[in-house]
Amino acid sequence: MATARHHIERVLRVVAEPAHAQAADASENALIARSWRRCAQRHGLDPGGSAVIQVESAGRVRESRDRGGGWLRTARAGMEKLFAHVADLGYVAMLTDPDGITVDYLGDSAPGSLFRRIGLAPGANWSERFAGTNGIGTCIADRRPLTCHRDDHFFPDTIGLSCTTTPLFDPHGGLLGALDVSAVMAPDARESQHMVRHLVQLYGGMIEEANFLQAFADRWILRLGAAPALIEVAGELLLAVDDDGVVVGANRQARARLRTLAGAGTGADAPVGGHLSGIFRTPVPLLMAHLRNREQLRVSTWDGEDWCGAVLAPRLATAPRAATRVVAEVPACGSALPEPLALLAGDDAHMARVLAQAARLADAPLPVLVQGETGTGKEVLARALHDSGRRAQAAFVAVNCASIPESLIESELFGYTAGTFTGARSRGMTGLVQRADGGTLFLDEIGDMPLALQTRLLRVLAEGEVLPLGADRPVRVDLKVVSASHRDLRELVAEGRFREDLYFRLGGATLTLPPLRARRDFDRLVERQLAQECAALGREVALDPAARADLARRPWPGNLRELRNALRFALTMCDGACIGVADLPPSTEAGVLSAPSMPAEPPRAAQPAVQAGEAAAVARPDADPRARLHAALCRHRWNVSAAARELGLCRATVYRRMQRLGIVSPIDQVH
Ligand SMILES: Nc1ncnc2c1ncn2[C@@H]1O[C@H](COP(=O)(O)OP(=O)(O)OP(=O)(O)O)[C@@H](O)[C@H]1O
């Protein structure tokens with residue numbers, strides 16, 4: 001055993017060594033050396049002095065315990081179990097807060113006992129600043145488990161102690177405190193502490209895991225480990241996952257092991273916030289199916305390591321979340337969204353705000369105007385709004401104001417009585433407005449409605465009645481009117497192309513959808529669309545991290561529609577179980593006519609080269625827009641919907657562009 005003088009000399013010698021000597025050394029010796037230097041140089045402690053073990057007041061300890069809350073109860077249960085193993089061997093067990101103050105204690109603490117005389121007592125503050133290098137203080141400073149055995153301590157009056165300590169982290173990676181087992185008269189041999197070290201780490205891990213499972217009781221928990229037989233009880237990595245496969249929690253081991261994977265998320269909190277598909281090569285639909293069936297599974301991470309996994313289903317009443325999902329970050333309302341709207345939610349704050357407002361508008365007596373760039377999901381939102389309200393069982397009638405020929409739009413909308421027209425149309429027809437009675441009338445591309453019709457529509461909205469062509473009496477209608485336009489209606493009003501009074505009638509409430517490039521939940525949207533497309537094809541295909549990163553960099557002028565088409569294209573090109581960069585369509589430039597081109601029908605396996613070639617030609621930014629549009633229409637025998645799908649545009653846009661570029665369908669030329 002080192003004498004006090006030898007010990008002091010040794011500490012001084014190490015403190016005087018250049019700091020870089022142990023800087024990168026992860027060994028426990030280097031950890032102790034760094035602590036000695038910290039004590040001498042940062043805290044100004046003299047190794048020739050004595051440890052000052054302050055015992056904090058009962059009030060200060062209570063305050064710390066109150067702050068700790070629920071986790072302390074869990075930790076106490078773990079500490080009792082641990083102590084049962086070592087009590088007879090002359091140890092005490094302690095639980096401290098993040099400042100090193102002992103908030104719970106098991107063992108001899110009688111006044112005058114050896115333990116108490118050296119400072120092992122309830123309320124004792126073992127921070128390095130006062131006590132020098134020691135198990136608790138150094139573990140907290142370095143945030144790593146350690147055994148501070150005898151002359152590892154800084155002060156000579158503590159070198160009889162042997163302390164084994166592990167840090168305890170909360171489920172979000174924050175330090176809760178430390179769990180410690182200490183002996184006053186430990187044997188000289190460091191090896192005597194090995195078993196204690198294992199026990200402390202084992203119970204520390206159990207306490208953290210219990211906290212994690214409690215914190216994420218309403219989520220799916222994926223437990224990963226190497227041993228299939230033990231995976232249910234002893235998985236090392238824990239991931240909490242939401243219904244869309246987004247990682248919402250990760251234990252310490254999962255953070256350490258997975259955060260460096262390229263696709264595991266980018267923030268400081270990675271892999272939290274990332275998507276399972278960025279972590280696992282295993283296709284996410286398959287993973288999620290295993291999650292839902294609670295089956296054991298084998299998965300491999302993108303760096304090639306294989307894992308066995310077990311699944312714990314959500315245990316709280318709020319789960320499963322598909323039915324009662326609450327969107328995070330919903331400002332103002334904060335209440336649960338109806339399922340049709342919740343299905344559109346991601347982690348995007350703007351979108352969350354829109355959906356929260358939509359939930360309130362579903363049954364409000366207000367017309368709703370949805371604005372947003374082409375393909376941002378205006379019609380999908382309109383449908384979800386309808387499905388979320390009391391009109392859900394009634395009709396949802398969608399009218400594309402840009403695609404009905406001007407000569408037919410009035411009769412289509414308002415209908416006509418028998419005898420109004422001659423020939424095949426002589427029997428009369430109920431108009432779309434009347435068909436929506438009791439339900440929702442969705443007026444898409446309202447900005448393209450001719451001015452004359454705007455006046456008639458205004459009457460329907462103002463008076464709640466429709467006058468079919470040829471009728472002498474109006475018919476009452478009860479409608480929820482939702483309209484949409486990618487154009488800014490206020491600009492159209494300023495240009496005199498849209499009636500101001502109609503604008504105010506339609507826009508009782510305006511919801512503006514964000515463009516895809518501005519959404520923060522891009523990964524989630526990609527996964528959702530990929531899962532839908534895979535389900536439709538009965539395939540299980542993942543997206544590799546490089547392809548994901550490539551997609552994330554694109555400008556997406558065609559928004560969600562363009563993204564869907566790009567994924568369809570990639571699935572068509574990809575033969576295996578994983579989409580790579582080579583399977584993706586060429587990226588579009590902002591403002592270029594074509595979104596990633598997508599064959600209307602997936603090309604047959606024998607044709608991929610030709611299809612890919614066409615795709616490249618269509619998407620080439622320098623190609624002539626008129627020629628490209630014309631070619632697409634020809635390819636689809638002038639089926640505008642199919643051409644629009646290929647180009648990633650809505651039909652209305654194709655009609656508009658045909659008009660602007662002077663392209664006339666041969667079908668129309670015949671008439
Ligand atoms: N929240 C969403 N998640 C995934 N895909 C979506 C979502 N919203 C819309 N989509 C997809 O995006 C595509 C375009 O949606 P939608 O037709 O509603 O857009 P839009 O804004 O009405 O387009 P346009 O202005 O061109 O009429 C559809 O394929 C739809 O399935």
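Both ligands and their constituent atoms are indexed starting at 1 by order of listing.
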Got the closest protein heavy atom to atom 16 (P) of ligand 1, with its distance?
-> Gly377 CA, 3.7 Å
Does Arg456 make a cation-pi contact with Phe414, if we ask for NZ or CZ under 6.0 Å from the ring centre and within 45° of the axis?
-> yes
Within reach of ligand 1, part of Arg564 (heavy-atom separation under 4.0 Å) | side chain
Is ligand 1 under 4.0 Å from a heavy atom in the side chain of Leu563, in the backbone, in both, or in neither?
-> neither
Find out whether His486 and Glu445 are in side-chain contact, i.e. whether some heavy atom of one side chain is under 4.5 Å from a heavy atom of the other.
-> yes
Specify the protein heavy atom at minimum distance from atom 1 (N) of ligand 1: its residue, its atom name, and the distance to 0.1 Å.
-> Leu344 CD2, 3.7 Å
Among Glu373, Lys378, Arg383, the residue with a heavy atom nearest to atom 25 (O) of ligand 1 is Lys378
Hey, are Asp478 and Arg391 close enough for a salt bridge, meaning a charged N less than 4.0 Å from a carboxylate O?
-> yes
Any Gly375 heavy atom less than 4.0 Å to ligand 1 = yes
Atoms in ligand 1 with a heavy atom of Glu445 nearer than 4.0 Å | 25 (O), 27 (O)
Nearest option to atom 12 (O) of ligand 1, as decided by whichever heavy atom of Leu560, Val654, Thr374 sits closest = Leu560
Report yes or no: do Arg281 and Thr301 form a side-chain donor-acceptor pair below 3.5 Å?
-> no
Can you check whether Arg524's main-chain N or O pairs, donor with acceptor, with Asp521's side chain at less than 3.5 Å?
-> no
With heavy atoms of Leu525 as the reference, note each atom of ligand 1 found under 4.0 Å away.
-> 3 (N)
With no hydrogens and no angle check, is any side-chain donor or acceptor of Asp363 less than 3.5 Å from a backbone partner on Arg390?
-> yes
Per-atom filter on ligand 1: closer than 4.0 angstrom to a heavy atom of Asp444 are 27 (O)
With the side chain counted from C-beta on, respond yes when Phe442 and Phe396 share a heavy-atom pair under 4.5 Å apart, and no when they do not.
-> yes
If you measure from the Lys or Arg side-chain nitrogens to the Asp or Glu carboxylate oxygens, is any gap between Glu373 and Arg487 under 4.0 Å?
-> no
So is Gln532 in contact with ligand 1, going by heavy-atom distances below 4.0 Å?
-> no
Write out the residue and atom name of the closest protein heavy atom to atom 6 (C) of ligand 1, then the distance separating them to 0.1 Å.
-> Gln529 NE2, 3.7 Å
What is the nearest protein non-hydrogen atom to atom 22 (O) of ligand 1, stated with its residue, atom name and distance?
-> Glu379 N, 3.0 Å
